[in-house]
Amino acid sequence: QSSTPEALRVVNLLQERNLLPPAPVPAPTPCLTQDLQKLNCSPEVFRSTLTSIPQTQSLLNKAKMPLGLLLHPFKDLSLPVVTSSTIVRCRFCRTYINPFVSFLDQRRWKCNLCYRVNDVPEEFMYNPVSRSYGEPHKRPEVQNATIEFIAPSEYMLRPPQPAVYLFVLDVSHNAVETGYLNVFCQSLLDNISSLPGDSRTKVGFITFDSTIHFYNLQEGLSQPQMLIVSDIEDIFLPTPDSLLVNLNESKELVQDLLKSLPNLFEKTMETQSALGSALQAAFKLLSPTGGRMSVFQTQLPNLGVGALQSREDPNQRASAKDIQHLAPATDFYKKLALDCSSQQVAVDLFLLSAQYCDLASLGCISRYSAGSVYYYPSYHHQHNPAQVERFQKDLKRYLTRKIGFEAVMRIRCTKGLSIHTFHGNFFVRSTDLLSLPNVNPDAGFAVQMSIEENLDDMQVVSFQAALLYTSSKGERRIRVHTLCLPVVNSLSDIFAGADVQAITGLLACMAVDRSVTASLSDARDAMTNAAIDSLMSYRQSVLTIQQPGLLVPACLRLFPLYILALLKQKAFRTGTSTRLDDRVFAMLQLKYQPLAYAMLMIHPALYRVDDLTDEGALNINERTIPQPRLLQLSVEKLSREGAFLMDAGIVIYLWIGRNCHSNFLTQVLGVPNYAAVPDNLYLLPELDTAESQRTRAFIGWLRDQRPFFPSLHIIRDESQLKASFMQNMIEDRTESALSYYEFLLHLQQQISK
Ligand SMILES: [Zn+2]
C-alpha cells in the first residue's frame with residue numbers, strides 16, 4: 001500500500017531484537033538514475049555519510065547527522081591508466097573531466113563542480129578505446145569514476161625522486177631482549193628484491209642506543225663500516241654520501257649488514273634510548289631526496305632531545321573519571337614530523353614494547369608526516385609467538401606493498417559544499433590540499449563538510465579526490481576518483497539515504513579529536529547525543545505515526561548498536577582496565593583505517609564454526625569457503641557445546657566451549673578432549689579432515705580480506721585472553737556499562753522527554 005522505500009520502513013528497536021543481518025551490511029546505493037549509478041565510484045573507495053545530500057545547511061542541521069566523506073584513495077585496484085599529453089581539466093576550478101560532466105555539444109563540456117563551460121581539446125576528440133574520432137563522451141575519462149593518468153612534466157616541481165628507504169633501529173638492551181631485530185633483518189633479506197623501486201632505489205640504516213650508529217655501505221668496501229656519533233646534542237652526518245646507497249650497487253654489503261646486525265648488539269648493556277636524536281639524524285639524511293623512514297622502537301625514549309617521562313598511572317587504567325594524558329607531552333615529535341613533511345619524508349613507527357612508551361607523543365611523528373603506526377604490545381621472540389607471526393606478516397606486506405612518494409591529495413566538491421575538517425595521517429597545506437610525503441595503499445581518510453551555499457535547483461552534486469604522486473618507478477601519476485550524489489530537500493529523503501556505517505566511522509574520528517582536545521567524557525556524551533538527536537529529529541519530523549517504543553528508520557536500525565559498540569571500544573571505554581598506549585593506538589587506528597577495517601574494530605563479527613557446512617559457501621580459486629551467519633555480540637549466542645570465531649579486525653579469537661563436540665576437538669584442533677587444548681594456542685593444525693579444511697579455509701579467507709595480519713588466539717574458559725574476548729560482547733551488561741537493551745531504554749527516555 002505504501003511507496004515508502006525499505007530504508008524508511010519503521011522499526012521498533014524495543015520489539016525487534018534480532019536486527020543484525022546474517023551477512024555484512026552493504027553500502028547503500030545512492031538514489032540516482034541507473035545511467036549515472038552504473039558509472040559511480042565504488043563505495044570501497046569513496047562514500048558519503050549521507051547518500052542524499054541536503055539542499056541547505058539548515059536542513060542538514062535539522063537532520064542532526066554528520067555530513068562527510070570516507071576515502072580509501074590508494075587501495076589496491078586494477079584500474080584504467082591513461083597516457084595523454086593534455087589532461088582535460090576545467091579551466092576555472094581545475095576539476096578533472098569525469099563521467100558526471102555534461103557535453104553541450106561535440107566541442108564543449110560543462111563542469112559538474114563549478115558549472116562553467118569548457119572547450120573539448122582536439123586530442124580528446126580521438127577515442128583510444130574505439131579508435132574513432134568525434135565521440136568525446138566515450139573517452140575512458142568519462143566512462144570511469146576511478147582512473148589514473150600518467151602526468152606530463154608540468155605536474156612536477158623537480159624530477160621524480162627515486163624510491164629511498166631508511167631503517168632506524170633501536171638496539172638498546174631492551175630491544176635486543178625482545179629479539180625483534182632477527183625477524184626484521186630476515187624479513188628484509190627475504191624481501192629485498194621486492195621492495196618497490198627501480199635501478200635508482202636507495203637504502204640506508206641507522207641503529208641507536210645512547211649514541212647514533214651510521215653505516216657506510218659504499219660500493220667497493222669489503223664490509224659495512226659502522227660510524228658512531230656520540231655527541232647526540234649536535235648530530236652531524238659523518239659521511240653524507242655513502243650512508244644512503246644504491247641498492248643494486250651495494251646489495252651484497254646491505255645483505256652482509258642484515259646478516260650481522262642481530263649479533264652485533266647481542267651483549268649490549270646500553271639501557272638508554274636517544275630516539276629523538278636518531279630521528280633528527282635520519283631526517284638530515286633523507287632531506288635531500290625525501291623517502292620513507294621506518295622506525296623500530298621498543299621503549300620510552302629517555303635520553304637527549306625528545307626524551308619522555310612515564311605519564312601513565314596504572315591505578316587510573318580503569319578510571320570511570322577522565323582519562324589523562326591522551327594529548328602529546330611535547331611538540332618535539334609533531335614539529336619534526338612537519339619538518340619531515342616539508343622535505344617529502346614520511347615516518348612509519350613500529351612500536352614493540354611491553355612497557356608504556358607514550359604513544360600519544362610518539363605517534364605524532366607518523367600522524368603529521370602521512371606515515372603509519374604499527375603496535376606489538378609485549379612483543380617477545382619466545383614468549384609471544386603470535387605477535388612474532390603478526391610482525392613477520394605485517395613486515396612482508398609493508399616491505400612489498402606499492403608506495404607513492406611526494407604526493408598531494410585534493411578533494412573538490414560541487415560549488416556550495418565545503419570541507420572543514422580532515423581525519424587521517426597527513427599535513428593540511430591549504431584548505432583542501434593534503435600533503436602526503438608517502439601514500440600507502442592501506443591508508444584511509446575522512447572529511448567533514450558543510451553546505452555554505454544552498455544547492456537550489458541542483459539535481460546532483462559531485463566530489464572528486466585527486467591524488468598526485470611519484471610511483472616507485474619514477475613516474476608522476478594522478479589517480480582520480482569521482483562520486484556523484486543526488487540532492488534532496490526533505491528530511492525523509494535525507495534519512496532514507498543515511499549510510500549507518502559511514503556515519504559511525506565519521507563519528508568515531510570526531511570522537512577521537514574530542515577526547516584529545518576536550519575530554520573522553522565529552523567525546524562519549526557527544527556520541528550518545530548523536531544517536532539521540534538524529535533519532536529525535538526523525539521522530540519529530542519524519543515519522544507520521546506516533547506510537548510508543550524506540551522508532552527508527554530501517555536504514556538506521558543498527559545505529560544505536562554501533563554507538564554502544566563505540567562506547568565500549570578500547571578507544572573510548574571507561575571502567576575497564578585499559579593501558580594508555582593500547583587506548584591511544586585504538587584511537588590512531590580509528591582515524592586512519594579504511595572504513596571496512598574500522599567497522600570490525602568497532603563491531604567485531606561473531607560466527608559459530610563447529611558446524612561449518614558447504615551450504616551457501618563461496619568458491620574461490622577452487623577452494624570452498626564456508627559462509628556462516630553473523631551472530632549478535634552477546635553471551636546468549638554462545639553455546640558450551642560449540643566453538644565460536646570472533647573477528648575483531650587486528651585479532652581473531654576462537655573460543656572453545658567447555659562441552660565442545662569432540663568431533664571439533666579431534667578433527668579441527670587435533671586434541672582428544674577439552675582439557676587437552678593447550679594454553680596460548682595460536683595455530684590450527686593442518687589436519688587432513690573436511691572439518692579442519694573448512695575451518696582453515698574460512699580463517700584464511702578472512703585474513704585475505706585485509707592488508708594486515710590478524711593473529712589468531714584459541715581460547716578456553718581458563719585462558720587469560722578470555723576477558724578480551726568477552727569484552728567484545730557489547731550487547732551484554734557489565735559492572736560499568738549498559739547492556740544493549742538498557743541503552744535502548746536510555747535513548748528512548750531521552751528522545752521522548
Ligand atoms: Zn569547474
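Whatever order the structure lists them in is the order used to number ligands and atoms, beginning at 1. What you are looking at is a predicted structure, and each value in this text was computed from that prediction instead of being measured.
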Subject >> Single hit among Phe585, Tyr592, Tyr398 for ring pair (Phe, Tyr, Trp, His ring centres under 6.0 Å) with Tyr374 >> reply: Tyr398
**OP:** Quick one: name the protein N/O/S atoms under 2.8 Å from the Zn ion (ligand 1), chain by chain.
**Re:** Cys90 SG, Cys93 SG, Cys111 SG, Cys114 SG
Subject >> Contacts of Ser450 that satisfy side-chain hydrogen bond (donor to acceptor under 3.5 Å, both in side chains) - sequence neighbours left out >> reply: none
Subject >> Geometric cation-pi criterion, Arg397 with Phe708: 6.0 Å, 45° >> reply: no
For a quick test of your reading: what N or O donor-acceptor pairs under 3.5 Å do the side chains of residues 456-464 make, sequence neighbours left out?
from	atom 1	to	atom 2	distance (Å)
Ser462	OG	Asn112	ND2	3.0
Gln464	OE1	Tyr96	N	2.9
Gln464	NE2	Tyr96	O	3.0
Gln464	NE2	Thr482	OG1	3.1

Subject >> Partner residues of Val117 under the side-chain contact (heavy atoms from CB on, under 4.5 Å) criterion, sequence neighbours left out >> reply: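 Listed in chain order: Leu104, Arg108, Lys110.
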**OP:** For Lys64 and Ser537, work out which heavy atoms get closest and say how close.
**Re:** CG-CB, 4.2 Å
